[in-house]
Amino acid sequence: MSVVTRIAPSPTGDPHVGTAYQALFNSVFARQHGGKFIVRLEDTDRSRYNATSEGRILDMLDWLGIVPDASPRNEDDKGPYIQSQRAGLHRQYAEQLLASGAAYRAFDTTEELDERRKAAEARKDSYLGYDRRDRHLSAEESDWRAAAGEEFVIRLKAPLEGKTVVHDHLRGDVVFDNAELDDKVLLKRDGFPTYHLAAMVDDHLMGVTHVIRAEEWLTSTPIHQLILQGLGWQAPVWIHTPWLLSAGGKKYSKRRGDPSVEDFRNKGILPEALLNYLGMMGWTMPNGEEIFSVDDMVQHFSWERVSLGGSTFDVQKLKWLNGKYIREVLPLATVASRVHGFGTEHGYAQGIAEDKYFTQVVELMLPRFETLQEFWEKTAYFFGEDYPVTDKAAKPLAEGQDVLPKLREALAALPALTHDQTEPVLKALAEAQGLKVGKVMQPLRAAVAGTLESPGMFELLELLGKERVLARLDRMMK
RNA sequence: GGCCCCAUCGUCUAACGGUUAGGACACUACCCUUUCAAGGUAGCGAUACGGGUUCGAAUCCCGUUGGGGUCACCA
């Protein structure tokens, strides 16, 4: 049996980290088995639909480098992959369920439902689902009222007794008491299906073999099995993955202020690092390695190494990982081009060419920035003469005014400010003045960089070049 | 509240009945050093609790507690 997995994001807002997480695991598992990974947009909630969201979700996947075998941008014969375009299909199966007696029409208005629910809550009922008022309407009455134009929804007729066993691939059998189950709405008043129906119909029609989704779906899986059963279809392998949590221990969510994938991207997190980080949430490489690629994951993935406790998202560790990719994993040329691309996208790189000089700056800065954004925040003095002087740098700059002219003189005498030329000169000068090396270096650094945090002095001088260094010294000498 | 899931350092995790409970992030100290980093070394720090089973339990079973999820004409 060939594996088919999917993600079914809902285009309601910002591209969610949870979607990226699911996309990773679904695509890795499919690839590992030479199967197919598909993306289906679940947009059947017209009220929450967000027109830009759809494209942004697909863009996020592109950015991450997760390539679906089928999606709204890559349709095949199993499509369309936009769920609302399949509404006719869903309706047809809802009617089939209705005809076979596995479902029924319910004519309650939203107001009635609200009222009864509130009453149930007030009574502290343990069962808070639909009270099944219309479950026992005769077929004649149901047909007649529908024909008369009364609006209705189609609900699942869940069994009232017995048990439904869901076999979760990670947790084993999970037993639900049917009496706890609800007569869920399958087809809404507006003719669109709910998730429960739509997902099951589409998964089946698209040949999905393994439903890998977040743990929040576990409790509605018995409903899904009942739908499948009513339609005479076989259930897929259910795999409910552990939670992604945010600092408070709650479910990670954009609504709580947790960053979206776009937020990470805009801060200068690399897709490789994000994916690597997500991969170590709930899963580990067999040898315990922390730095691994999606390809490594495809090679070594197994459900046995998934831990079930939820994982708290730690931005600090993500940043560390990102820094690791910058300084150790990605080649310099790649880092330089990512940095420049980021700068262009966010207005930092105006008039700055992606040339050899730029790459040298990146190389010098390599161990000094963890996100692409940090690079730009720390390097103004490499790319212009109007760099700011920090408060901390102002002090050594003032204190060093008498040594600066001597420094200028010594540097001006050099043919070029190469490392091997400047180092002995600067050290000799410090000694001659009876000063600690730092007392000479810090004023120099403050003058040419405007900050006390910079790459090594000699590399800095060499890269900046004699002309610029001298001009800066002239300007900074009172 | 009913039901469901989960439980090792603050965080991510290793251990698949026998380890001084290991690693990583963070934190602290030291080393390196012209600053800031990076890097290196060391330290701090966990099996939620209570019962069993077993020669032996982080590991298996039960209970308690705690956390999370779910109970929408949202997904």
Side-chain angles (χ1 to χ4, degrees), chain A residues 8-12 42-45 47-48 83 106 108-110 113-114 117 120-121 124-130 151-155 166 168 170-171 174-177 179-182 184-190 192-196 198-199 213-222 240 242-243 245 247 249-251 277 280-284 288-291 304-305 307-314 316-321 323 327-328 365-370 378 392-393 396 423 426-427 430 436-442 444-446 449 451-458 460:
Chain A
S10 186
T12 53
E42 310 231 322
D43 59 344
T44 54
D45 182 356
S47 63
R48 293 208 305 159
Q83 197 161 59
D108 319 70
T109 64
T110 315
L113 252 22
D114 279 354
R117 153 175 299 276
E121 278 170 11
K124 301 207 162 156
D125 280 3
S126 60
Y127 176 83
L128 294 175
Y130 177 55
E151 295 193 312
F152 60 87
V153 299
I154 293 179
R155 284 181 182 273
V166 171
D168 179 88
L170 296 177
R171 307 151 217 270
V174 182
V175 182
F176 295 85
D177 208 325
E180 300 286 339
L181 268 26
D182 192 3
K184 287 290 181 204
V185 170
L186 266 22
L187 198 71
K188 296 182 268 191
R189 189 174 295 259
D190 62 8
F192 280 90
T194 58
Y195 170 87
H196 304 296
R213 72 225 303 194
E215 190 185 327
E216 64 184 307
W217 294 107
L218 183 57
T219 44
S220 44
T221 307
H240 293 93
W243 287 111
L245 308 170
K250 307 272 195 223
K251 173 176 158 183
Y277 183 72
M280 58 197 232
M281 300 294 272
W283 183 76
T284 44
E289 271 179 20
E290 291 210 288
I291 309 294
E304 283 71 52
R305 298 198 62 82
S307 57
L308 294 176
S311 309
T312 306
F313 200 101
D314 181 1
Q316 221 166 9
K317 188 155 185 175
L318 204 215
K319 284 186 69 182
W320 167 78
L321 238 195
R327 73 185 94 94
E328 291 179 21
M365 289 299 295
L366 228 42
R368 297 177 172 83
F369 66 102
E370 286 189 320
K378 294 180 174 180
K392 280 188 177 176
E423 180 164 5
L426 256 33
K427 287 188 170 166
K436 280 190 177 174
V437 184
K439 286 290 178 191
V440 174
M441 298 289 214
Q442 289 299 72
L444 213 209
R445 188 188 312 279
T451 171
L452 260 23
E453 301 174 12
S454 84
M457 197 71 249
F458 311 117
L460 189 56

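Worth saying up front: this structure is predicted, and the values here are computed from it rather than measured.
Residues passing the side-chain contact (heavy atoms from CB on, under 4.5 Å) test with A/Arg368, sequence neighbours excluded: A/Met365, A/Pro455. In this structure A/Asp114 satisfies the salt bridge (charged side-chain N to carboxylate O under 4.0 Å, His left out) test with no other residue, sequence neighbours excluded. Residues forming a ring pair (Phe, Tyr, Trp, His ring centres under 6.0 Å) with A/Phe176 (at least two apart in sequence, or on another chain): none. Partners of A/Ser10 by side-chain contact (heavy atoms from CB on, under 4.5 Å), not counting sequence neighbours, listed by chain and number: A/Thr12. Residues satisfying the ring pair (Phe, Tyr, Trp, His ring centres under 6.0 Å) test with A/Trp320, not counting sequence neighbours, are none. For the side-chain contact (heavy atoms from CB on, under 4.5 Å) test, residues two or more places apart in sequence or in another chain that qualify with A/Glu216 are A/Ala214, A/Trp243, A/Lys251. Applying the salt bridge (charged side-chain N to carboxylate O under 4.0 Å, His left out) test to A/Glu328 and every residue at least two apart in sequence or in another chain returns A/Lys324.
For A/Lys251 and B/U70, the shortest distance from a side-chain N or O to OP1 or OP2 is below 4.0 Å. Distances shorter than 4.0 Å separate none of the side-chain N or O atoms of A/Arg48 from OP1 or OP2 on B/A75. Close to B/A14, at under 4.0 Å from its OP1 or OP2, lies a side-chain N or O of A/Thr284. Side-chain nitrogen and oxygen atoms of A/Ser311 include at least one within less than 4.0 Å of the OP1 or OP2 phosphate oxygen of B/U13.
The aromatic rings of A/Phe313 and A/Tyr277 sit perpendicular to each other, their planes meeting at more than 60°, with 30° as the lower class boundary.
B/G1 is paired with B/C71 under the criterion used here, namely a Watson-Crick or G-U wobble arrangement in which both key atom distances are under 3.5 Å. Across all strands shown, B/A29 forms a Watson-Crick or G-U wobble pair with B/U41, both key distances being under 3.5 Å. Of the nucleotides present, B/G63 is the one that pairs with B/C49 by Watson-Crick or G-U wobble criteria, both distances under 3.5 Å. Using N1 to N3 plus N6-O4 or O6-N4 for Watson-Crick, or N1-O2 and O6-N3 for G-U wobble, each under 3.5 Å, B/U35 pairs with nothing.
Along RNA chain B, the nucleotide closest to A/Asp125 and the one closest to A/Arg305 are compared, and the more 5′ of them pairs with A/Asp125. If you find the closest nucleotide of RNA chain B to A/Tyr130 and to A/Ser10, the one lying nearer the 5' end belongs to A/Tyr130.
The gap from the P atom of B/A58 to that of B/A46 amounts to 15 Å, rounded to the nearest Å. When the P atom is used for both B/A29 and B/A48, the distance is 31 Å, rounded to whole Å.
Using a 4.0 Å cut-off between charged side-chain N and carboxylate O, A/Asp314 and A/Lys317 make no salt bridge.
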Could you encode protein contacts along nucleotides 30-48 of chain B as a string, one character per nucleotide from 5' to 3', using B for base contact, S for sugar-phosphate-only contact and - for no contact, with a heavy-atom cut-off of under 4.0 Å?
-> ----BBBBSS---------

Contact list (N/O, under 3.5 angstrom) for nucleotides 5-8 of chain B vs protein:
unit_1: B/C5; atom_1: O2'; unit_2: A/Arg171; atom_2: NH1; d: 2.7
unit_1: B/C5; atom_1: O2'; unit_2: A/Glu215; atom_2: OE2; d: 3.0

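A donor N or O paired with an acceptor N or O is not found under 3.5 Å between the base of B/A26 and the side-chain atoms of A/Lys317.
Of the candidates B/C71, B/U11, B/G68, the closest approach to any side-chain atom of A/Asp182 belongs to B/C71.
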